[in-house]
Amino acid sequence: MSHRLPENGKILIVDDDKDILTAAQLLLKRHVATVHVEARPENIPARLNAGSYDVILLDMNFERGEMSGADGLYWLREILDLDPTAVVVLITAYGDMDLAVRAIKQGATDFIVKPWQNEKLVATLNAALELRASRSEVEALRFRQQALKEDLDRNYHPLIGQSPAWRKVMDMIGKVAASDANVLLLGENGTGKELVANELHRRSNRADEVFISVDMGSLTESLFESELFGHVKGAFTDAKQDKAGRFEIAHRGSLFLDEIANLSMSQQSKLLSVLEQRKVIRVGSNIARAVDIRLICATNRPLLQLVAQGSFRTDLLYRINTVEIQIPPLRERKEDIGSLVEYYLDIFANRYHKPGMRLAPNTLPALTEYPWPGNVRELKHTMERAVILADNNLLRPQDLFLTTTEKMENADSIPLDSFNLDIIERHVIERVLRRFSGNIKRSAEELGVTRTTLYRRLEKYGL
């Protein structure tokens with residue numbers, strides 16, 4: 001019976017007998033892409049640090065006259081310590097079954113006696129390669145399931161609205177969702193860009209796969225590559241084990257990169273390279289892994305202006321915006337405010353066990369006239385706070401704590417008549433955001449906080 005090895009396999013043969021190495025290499029290189037040979041077992045760690053192998057063929061004895069197999073068992077333990085998922089097939093000239101059982105109990109995949117029959121060696125390696133593929137698939141599934149769980153924990157809501165401005169967005173979603181075209185979402189903070197991205201995924205041909213969301217603005221320069229492209233064990237101080245990056249986890253699904261405009265030029269270059277090659281290399285590795293993702297990006301900043309200023313790459317802009325969707329601010333879709341208020345009122349009344357919550361007659365007009373600088377996100381937080389603090393089931397305008405028109409006109413001045421730290425902090429953040437046109441990075445620098453801290457404050461105040 002003939003056994004055919006996968007042509008893309010990568011095998012390492014470790015044996016101090018150069019004749020054995022030559023014979024095995026000549027046989028196996030006809031079947032697999034890469035066959036490395038090593039006569040000195042002490043070089044194994046360097047080999048594994050340079051890249052992983054699908055199968056390692058390991059001799060049991062490396063000293064003349066040695067028959068105990070102690071060397072082989074020692075290096076088996078070393079290999080599995082360096083790479084717990086390694087598939088190791090031990091080879092020896094001595095058919096000691098007790099030794100074979102010991103080796104398999106300690107983690108070896110199989111055992112082969114030399115001189116071997118070529119057909120038997122190929123069959124053994126074929127089974128070992130299949131095992132390696134299964135382990136790799138299990139690892140990928142574990143990462144994907146973890147990401148999927150995080151994704152399902154997010155509190156997405158349906159896209160609500162019938163205004164002309166919102167119908168344009170829904171029409172665009174309907175036209176492009178089923179394609180694999182890269183989509184760029186533009187809009188102010190809080191307009192629902194991530195919800196639109198999720199809807200694009202839900203209606204796509206990838207809907208059964210994962211939707212992975214990454215806040216690019218919160219990634220530091222040092223974490224950027226590890227988070228997006230992954231890393232191998234030992235790549236840096238805290239790399240205790242191999243980790244798949246967001247691109248790998250999103251394989252066959254959709255990848256949403258929020259706040260894309262906040263990337264440095266160096267990060268933009270690395271991202272562009274991956275998008276062009278559709279391959280990622282984990283930090284600390286030299287193995288390229290193919291990725292198949294549907295890319296959706298979002299920003300609240302004018303990318304064309306940034307390109308003109310030289311702070312955003314033209315070629316990256318072309319790569320990410322095959323289709324562009326502008327998400328309107330809430331003040332341009334006032335017809336939808338009533339539906340949104342009703343939706344959130346129902347959600348939070350149920351969540352906080354306050355059945356029968358309703359609006360006083362003059363409350364909806366007040367909500368409609370308010371300019372909503374924080375858009376839908378602010379409306380959501382406003383309704384949640386109102387439900388929590390309400391003394392009865394009737395929500396009046398004063399229960400909503402909306403900023404008055406007079407206060408909006410004087411928004412650049414800090415309300416010194418208030419000693420509420422939350423109110424003061426919110427006004428300071430709003431003022432800085434306006435000064436820097438919503439640029440999160442520059443606003444965080446001005447406020448003396450990290451971008452992550454500023455994002456938490458934006459979430460807290462519904463901005």
Side-chain angles (χ1 to χ4, degrees), residues 154-177 183-203 211 213-218 254 256-262 296-306 320-321 323-344 347 367-384 402-403 408 411 426 429-430 433-434 436-440 443 451 454-463:
R154 293 175 181 270
N155 186 25
Y156 291 114
H157 70 63
L159 298 181
I160 297 170
Q162 291 296 325
S163 65
W166 194 244
R167 282 202 300 268
K168 288 181 181 179
V169 173
M170 299 303 294
D171 288 345
M172 287 292 289
I173 292 173
K175 290 176 180 177
V176 305
V183 178
L184 175 63
L185 305 176
L186 300 175
E188 298 176 6
N189 284 332
T191 51
K193 296 187 289 294
E194 184 167 3
L195 293 174
V196 172
N198 187 261
E199 186 73 7
L200 285 166
H201 172 74
R202 193 181 68 82
R203 296 196 193 186
F211 172 83
S213 177
V214 185
D215 178 4
M216 305 297 277
S218 66
S254 300
F256 175 55
L257 304 182
D258 200 5
E259 300 295 349
I260 190 75
N262 287 337
I296 306 171
C297 298
T299 182
N300 65 340
R301 299 175 62 191
L303 288 184
L304 287 176
Q305 183 179 330
L306 297 181
I320 65 177
N321 77 332
V323 176
E324 187 175 291
I325 301 179
Q326 183 77 44
I327 314 299
L330 189 54
R331 62 183 174 273
E332 294 180 6
R333 43 181 295 225
K334 289 188 174 183
E335 303 95 322
D336 299 328
I337 290 176
S339 299
L340 289 164
V341 167
E342 182 180 341
Y343 175 80
Y344 285 122
I347 282 183
L367 288 165
T368 303
E369 290 305 311
Y370 181 68
W372 297 110
N375 293 295
V376 179
R377 184 185 296 152
E378 183 183 5
L379 185 148
K380 174 184 175 182
H381 284 278
T382 296
M383 296 308 300
E384 182 173 18
L402 297 176
T403 305
M408 292 296 296
R426 173 179 172 140
I429 292 173
E430 288 177 333
L433 285 171
R434 281 195 299 275
F436 295 108
S437 302
N439 186 316
I440 298 296
S443 297
R451 284 184 291 186
L454 180 53
Y455 275 114
R456 291 197 195 102
R457 294 295 190 276
L458 296 177
E459 182 71 18
K460 175 181 178 180
Y461 299 124
L463 298 176

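Rounding to the nearest 0.5 angstrom, the gap separating the CG atom in L200 from the CD1 atom in I296 is 4.5 Å. L402 contributes atom CG, which lies 11.5 Å from atom CD of E369 (distance to the nearest 0.5 angstrom). To the nearest 0.5 Å, the span separating CG on L458 from CZ on R377 amounts to 7.0 Å. The line from CD of E378 to NZ of K380 is 13.5 Å long, rounded to the nearest 0.5 Å. Atom CG of D215 sits about 9.0 Å away from atom CD1 of I440, to the nearest 0.5 Å. If you take CG on L185 and CD1 on I327, they are separated by 5.0 Å, rounding to the nearest 0.5 Å.
Scanning for side-chain contact (heavy atoms from CB on, under 4.5 Å) contacts around R457 gives E425, I429, T453, Y461, with sequence neighbours left out. Legend: residues meeting side-chain contact (heavy atoms from CB on, under 4.5 Å) with R167, ordered by chain and number and at least two apart, are Q162, P164. For Q326, the side-chain contact (heavy atoms from CB on, under 4.5 Å) criterion is met by L186, not counting sequence neighbours. The side-chain hydrogen bond (donor to acceptor under 3.5 Å, both in side chains) test applied to T191 returns no partner, not counting sequence neighbours. Applying the side-chain contact (heavy atoms from CB on, under 4.5 Å) test to Q305 and every residue at least two apart in sequence or in another chain returns P302, Q309. Partners of E384 under the salt bridge (Lys or Arg N to Asp or Glu O under 4.0 Å) rule, at least two apart in sequence or in another chain, are R351.
Looking only at side-chain heavy atoms (C-beta outward), L454 and S443 come within less than 4.5 Å of each other. Annotation: side chain of I320 is not in contact with side chain of L257 (no heavy-atom distance under 4.5 Å). With contacts defined as side-chain heavy-atom distances shorter than 4.5 Å, the pair W166/D171 does not qualify. Taking the side chain as every heavy atom from C-beta outward, N189 and N375 never approach each other to under 4.5 Å. L159 places none of its side-chain heavy atoms less than 4.5 Å from the side chain of V169. Side-chain atoms of V183 and V196, non-hydrogen and from C-beta on, never get closer than 4.5 Å to each other. Within the 4.5 Å cutoff, no side-chain heavy atoms of I160 are placed close to those of V376.
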Worked verdict on R301 versus N262 for side chain to side chain contact (heavy atoms under 4.5 Å, CB included):
CA-CA 9 Å; R301 299 175 62 191; N262 287 337; 3.3 Å; yes
Pair N300-E259, side chain to side chain contact (heavy atoms under 4.5 Å, CB included): steps then yes or no
CA-CA 7 Å; N300 65 340; E259 300 295 349; 3.6 Å; yes
Start with the C-alpha distance between M172 and K168, add both sets of side-chain angles, then the distance that settles side chain to side chain contact (heavy atoms under 4.5 Å, CB included), and finish with yes or no.
CA-CA 6 Å; M172 287 292 289; K168 288 181 181 179; 5.8 Å; no
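One N or O on the side chain of W372 and one on the backbone of L367 form a donor-acceptor pair closer than 3.5 Å. With hydrogens and angles disregarded, no donor-acceptor distance shorter than 3.5 Å links the side chain of K193 to the backbone of D258.
Counting all heavy atoms, side chain and backbone alike, L303 lies closest to A261 at CD2-CB, 3.6 Å. Contact record, R203 with G174: NH1-CA, 3.8 Å, taken as the closest heavy-atom pair.
Listed by first and then second residue, the side-chain hydrogen bond (donor to acceptor under 3.5 Å, both in side chains) pairs involving residues 327-341 are S163-D336, E188-R331, R333-D336 (not counting sequence neighbours).
Ring geometry for F211 against F256 counts as parallel: the plane angle stays under 30°, on a 0 to 90° scale with 60° as the upper cut.
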